[in-house]
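These notes are about the structure you will find just below.
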Amino acid sequence: MQCPTSKIRSKEVVNTGAIPNTKIQAINRGLKRKRKLEKGWDWYVCEGFQHILYQQAEALKTLGVGPELKNEVLHNFWKRYLQKSKQAYCKNPVYTSKRKAPVLEDNPSHSDWDSEPELLSDFSCPSFVESGAESQPDVHTQKPFPIIKASQSETASICSGSVDGVEYSLRKEKGIVKMTVPRTLAFCCLALLWQRETITLSDLLRFVEEDHIPYINAFQHFPEEMKLYGRDKGIFAIESWPNYEDIYKKMIEIATFLDLPRFPDITEDCYLHPNMLCLKYLMEVNLPDEMHNLTCQVVKMTGIGEVDFLTFDPIAKMAKTAKYDVQAVAVIVVVLKLLFLLDDNLEWSLSNIAEKYNEKNKEDKPWFDFRKWYQVMKKSLDEKKQKWEETRAKYLWKSEKPLYHSSIDKSVVCKRREMVVNLQKQFSTLVDSTPTIGKKSPSSFQFNWTEEDPDRTCFHGHSLQGVLTKKGQSLTTKNSLYWLSTQKFCRSYCKHVTTYEESNFSLSYQFIINLFSFLLRIKTSFLHEEVSLIEKRLFKTKYSKTKKKSSRSRKVRKY
Amino acid sequence: MSDFSEELIKSTTEDDQGERCELSGTGMHFPWLQKHIETVATGGKKEKDFAQTTSACLSFIQEALLKHQWQQAAEYMHSYLQVLEDSDSCKRQAAPEIIWKLGSEILYYHPKSNVEAFNAFADRMKNIGVMNYLKISLQHALYLLHHGMLEDANRNLSQAETWRYGEKSSSQEVLINLIQAYKGLLQYYAWSKKKMELSQLDKDDYAYNTASQNMLDHSWKTSVNLGALIQIPGVWDPFVKSYVEMLEFYGDQDGAREVLTNYAYDEKFPSNPNAHIYLYNFLKREKAPREKLISVLKILYQIVPSHKLMLEFHRLLRKSEKEEHHKLGLEVLFAVLDFAGCTKNITAWKYLAKYLRQTLMGSHLAWVQEEWSSRKNWWPGFHFSYFWAKSDWKEDKALACEKALVAGVLSGKGCRYFRYISKQDHQVFRKKIKRMKKLVKKYSIINPGL
């Protein structure tokens, strides 16, 4: 992207369509700053984030996402964000160099900014242009920047490679969503949602964990001249993987902040529609295809397949649900409960019946045997979980580019890095030279089941005959009982609507919840909550009744 | 449970056949509270995944080491090394020691590793963090010693000896002394070798003088190195032993005696039975008076009543003229046999048998009764059971006879052990058994005939 040869650089300048405008600025700055290559460019924190988004978009492209995501959708979202958040930015005394002198070591004069106003026409806000005296007449009110004080008192020891790194990390403005590295994923996810791509949030986060999408050390790929140190470390160096609930919240937060309109409709033929996702997950956990009918019915009855329910609308006051993957999985759990009750009893007796039938009728389509499925799945799950834990334990967090706080500790940090690299080399010679499978190619399926493998039975083609009976014209489940995951929903101060105390539930239920939680890499309580919410919709009459009877003590009631 | 079958087909239902609710546990459940409690240790900040994965890595390494899976341990260690760059400064400072301990284990046992690899690793680790230098140097030297590379170890130690860094803390002080002491030990080893060579040379041999001069040289170096360490309170058995041997060789009895006495009696030093043993042996060699020997062994008796030397102690006490020593002698014997170590020691039983007779003949029934009163509940089961009778007779008939005599005297004719042995018929021991029966009849404290 940033290439040392000027030819390609000029070419890039021409293709403004593909590159956001601040990039152009950066490029131009680079042209002017050629003589200061050792000290690096002046770069702003938001440019850093821009670069990260760029990298992530590229990675998504290699995963098969269409190029419009990067060129149009993400670009537009980012532009909008810059507009919305930079309203006060232009008044930023960063640009009044006198006060910032101790921090901006390599920016002696701000006069360079004067020469670049023509490029700013794309922005509807007066940003990046000169300071107080000749500030443009603007519609937005000038907000005095509270950070001024901080910048004056700072000494050169707290510094940053970026121009505004220190001030950025101190900034606390009400109503403005400050950009962070986790939020870049939220942006990506919103873009994916807008394009209705076949990557769900859980897929995205899993790709991040597997290093297919830059996140942890994305700053390593910044161009050489964008020097990173000091406060930048706190902004860009991440030492935790993204968490579903967290990123989901951020998604909603950003969508609201950007005042985004209603997203494109999610209809029945869309990948993100629960019918499709259910099918995908049913396949993935090796459940019979016949269960899909039931999931579709549940979706219909709860109304979660409606376009208006599914389509993400940040401005609307309705409860925003864009957790398509979690919902789909919750539906599957509900269907399993409908079929097998999962009370540590019925599912096993049904399995006995299925086993007997299968013994006698080896030629026919086998009846689905819950017990066999459980054995196969438990084994696979345990293996996968073990491998996952081992891979996580071996994860290397630290970047090859050492991050230091200031010129004072630079040498120490670099020496330390060298030491670590040497030691690592020493130990890697002790490890067998047989290369590991290498980086796994990204796949949206974690489990794969084929008919041919005798050790790992594939249950896709199995029949649900054993658990369904004919009732008039239609089939219904043999099991006619059900228990609710949540009796009463919490409506007070706690952040969740229900809790998940494992010991209260059957072992089968726990296994199912653990299986799906691992699949999506979410917390079990999160999934349990979603299951409860689906049930709330499905059995809404029950809940409305219990509301009236809430004064009674909770005892086991047998009618 | 509610019957939901209608619900699946119809959209609404008015049925309320009751639900089975899962009884939540008694008490209130606060899911968020757990997290808050966990953050108390970290000062309010949530644990980063970095910390979580590195601690998982550590437990994987430990598991691999336990199972001797060196390959896997090396793999995990490769990843674990990143804690040296941990942004948490506490963890970063604690890291080198952990890495050294685990890494040295892996490099010691891994089949692909060799001395060079270990040396390289040790040299690198020494230079991370100033406080670890001495410790790692010392352990490195020990590793080299293990592999028989004495000169390298010596060189290592000499290098470490010269380390200086600002104000020495007390722990570093001890380490420096230890390093010097190990150097001294190496010198001692060289000296010892020379001594052996010397013993094979003739006094008139031309090489004798140079050899002995050489030896003197080593010994001087040793004494310099060991001298400092021995002053510090601690357990320095191998050093003390070597030092004393050298002093004795050169005739410095006073010096040796001083060192040993100090080592044994200085209150600052931790209680160490070996110290007394060394002192005792030295005094024995010196042919010190009996009183002195008894006083030394008395302390040992108080620390380790089950020691083999107690038999010697008993002999000394027996030969003494003081009555209190005689009483103590009996005590000592009983105490020795209280422990499982001497149950099959025929000397101990022989002594006890003889001494019981002697004591009872000397009208000191009270002594015997005093000793027996605390033991009569458990000695019969411990020593004189039927099982022991059979097994002792099978293994060592002489021992069995002695034991039987003691058993008979203390527990009377009814004692099972005694009965079993007295019933045995054996050519060699017939006389002895007969005699035993007579003695028991005469001396048994159950029916004191005296």
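When reading the values below, keep in mind they use all heavy atoms of this one structure, side chains included, and skip hydrogens, waters and symmetry mates. The sequence lines fix the lettering, A, B, ..., with proteins before strands; numbering per chain opens at 1. Just so you know, these numbers come straight off a predicted model, no measurement behind them.
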Atom group of B:Ser55 that falls short of 4.5 Å from chain A, counting heavy atoms: neither

Ring-face cation contact, B:Tyr80 with A:Lys394, 6.0 Å cut, 45° max: no

Non-hydrogen atoms of A:Leu430 and B:Gln71 that approach each other most closely: O-OE1, 3.2 Å

Over 12 non-hydrogen atoms of neighbours within 6.0 angstrom of CD in A:Glu418: no

Results of side-chain hydrogen bond (donor to acceptor under 3.5 Å, both in side chains) for B:Gln62 - residues two or more places apart only: none

Pairs of heavy atoms under 4.5 Å with chain B: top-ranked of A:Ile238, A:Ile216, A:Val413, A:Leu396: A:Leu396

A:Glu306 atom CD, neighbour heavy-atom count above 12 within 6.0 Å: no

B:Tyr182, OH: over 12 other non-hydrogen atoms inside 6.0 angstrom: no

Options B:Arg92, B:Gln52, B:Gln72, ranked by heavy-atom pairs under 4.5 Å with chain A, top entry: B:Arg92

Note, B:Gln82 side chain near A:Tyr395 side chain (heavy atom, < 4.5 Å): no

side-chain contact (heavy atoms from CB on, under 4.5 Å) evaluation trace for B:Asp49 with A:Trp397: CA-CA 9 Å; B:Asp49 283 343; A:Trp397 293 90; 3.6 Å; yes

side-chain contact (heavy atoms from CB on, under 4.5 Å) between A:Arg392 and B:Ser79, worked out: CA-CA 10 Å; A:Arg392 268 167 77 108; B:Ser79 305; over 6 Å; no

4.5 Å side-chain heavy-atom contact, B:Glu85 and A:Ser399: no

Side chain / backbone / both / neither for A:Gln426 at chain B, heavy atoms under 4.5 Å: side chain

Per-residue contact mode, B:His78 against chain A (heavy atom under 4.5 angstrom): both

Heavy-atom contact with chain A under 4.5 Å, split by part of B:Leu58: neither

Qualifying residues under side-chain contact (heavy atoms from CB on, under 4.5 Å), relative to B:Pro96, sequence neighbours excluded: B:Leu84, B:Met125, B:Ile128, B:Asn132

Test log, rule side-chain contact (heavy atoms from CB on, under 4.5 Å), inputs B:Lys112 and A:Thr429: CA-CA 8 Å; B:Lys112 273 203 215 162; A:Thr429 57; over 6 Å; no

Portion of A:Ser503 that has a non-hydrogen atom of chain B nearer than 4.5 angstrom: neither

Neighbour count above 12 (heavy atom, 6.0 Å) for B:Lys135 NZ: no

B:Phe121-A:Phe427 aromatic ring centre distance below 6.0 Å: yes

Taking every non-hydrogen atom, the tightest pair across A:Glu239 and B:Lys48: OE1-NZ, 3.4 Å

Heavy-atom pair count under 4.5 Å with chain A, highest-scoring of B:Phe50, B:Phe60, B:Tyr76, B:Trp70: B:Phe50

